[in-house]
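Below you'll find the structure, written out as structure tokens, and then a few comments.
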Amino acid sequence: MLFGDKIRELRDEQGLLQRQLAAALEIDTPMFSKIERGDRRAKHESKLSNLLNCCIRMKMRC
């Protein structure tokens with residue numbers, strides 16, 4: 001599973017919208033969409049993990 005796929009899965013599980021997480025990361029929604037699709041790297045991985053209440057890298061190993 002790719003990093004962006006895991007972000008989307010965790011976001012969907014928590015009922016969050018892309019725009020909500022984008023606003024919390026202080027980026028625009030299209031940029032967040034690119035991160036989920038794998039077109040861009042997440043510069044805020046630790047903050048994103050905190051927002052999703054998990055360690056994304058650890059969840060990817062499951």
Side-chain angles (χ1 to χ4, degrees):
M1 178 175 282
L2 299 175
F3 182 75
D5 295 332
K6 194 61 180 177
I7 292 172
R8 182 179 184 137
E9 179 183 311
L10 294 168
R11 179 179 61 78
D12 287 343
E13 284 175 6
Q14 296 184 32
L16 297 170
L17 301 173
Q18 283 185 343
R19 64 185 155 123
Q20 291 171 308
L21 287 175
L25 294 171
E26 298 177 352
I27 61 175
D28 59 10
T29 304
M31 178 65 70
F32 187 85
S33 179
K34 289 177 184 177
I35 293 169
E36 271 194 359
R37 288 193 317 261
D39 295 340
R40 296 284 304 230
R41 277 193 70 204
K43 293 181 181 177
H44 309 287
E45 186 175 326
S46 62
K47 188 172 182 180
L48 185 56
S49 292
N50 289 337
L51 291 169
L52 293 171
N53 300 315
C54 69
C55 177
I56 296 169
R57 293 281 177 199
M58 291 296 289
K59 289 275 190 177
M60 288 178 69
R61 295 181 189 155
C62 298

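Just so we're clear, the structure is a prediction, and the values are computed from it rather than from any experiment.
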Compare every heavy atom of Q14 with every heavy atom of L52, then report the nearest pair and how far apart it is. O-NE2, 2.6 Å
Give, for atom CD1 of I7 and atom CG of L48, the distance between the pair rounded to the nearest 0.5 Å. 4.5 Å
Distance from L10 atom CG to D5 atom CG, nearest 0.5 Å? 11.0 Å
Kindly write out the residues that satisfy side chain to side chain donor-acceptor pair (under 3.5 Å) with [X], not counting sequence neighbours, or none if the list is empty.
X   : answer
E9  : K6
Q18 : E36
T29 : none
R37 : S33, D39

Under the salt bridge (Lys or Arg N to Asp or Glu O under 4.0 Å) rule, collect the residues that match up with R19, sequence neighbours excluded. none
Assess whether atom NZ of K47 is packed by more than 12 heavy atoms of other residues, nucleotides or ligands within 6.0 Å. yes
Kindly indicate whether the side chain of L25, heavy atoms from C-beta on, has any atom under 4.5 Å from the side chain of I35. no
Sub-4.5 Å side-chain heavy-atom contact between F32 and L17: no
Going by the rule side chain to side chain contact (heavy atoms under 4.5 Å, CB included), which residues pair with D28 if we only count those two or more places apart in sequence or in a different chain? P30, M31
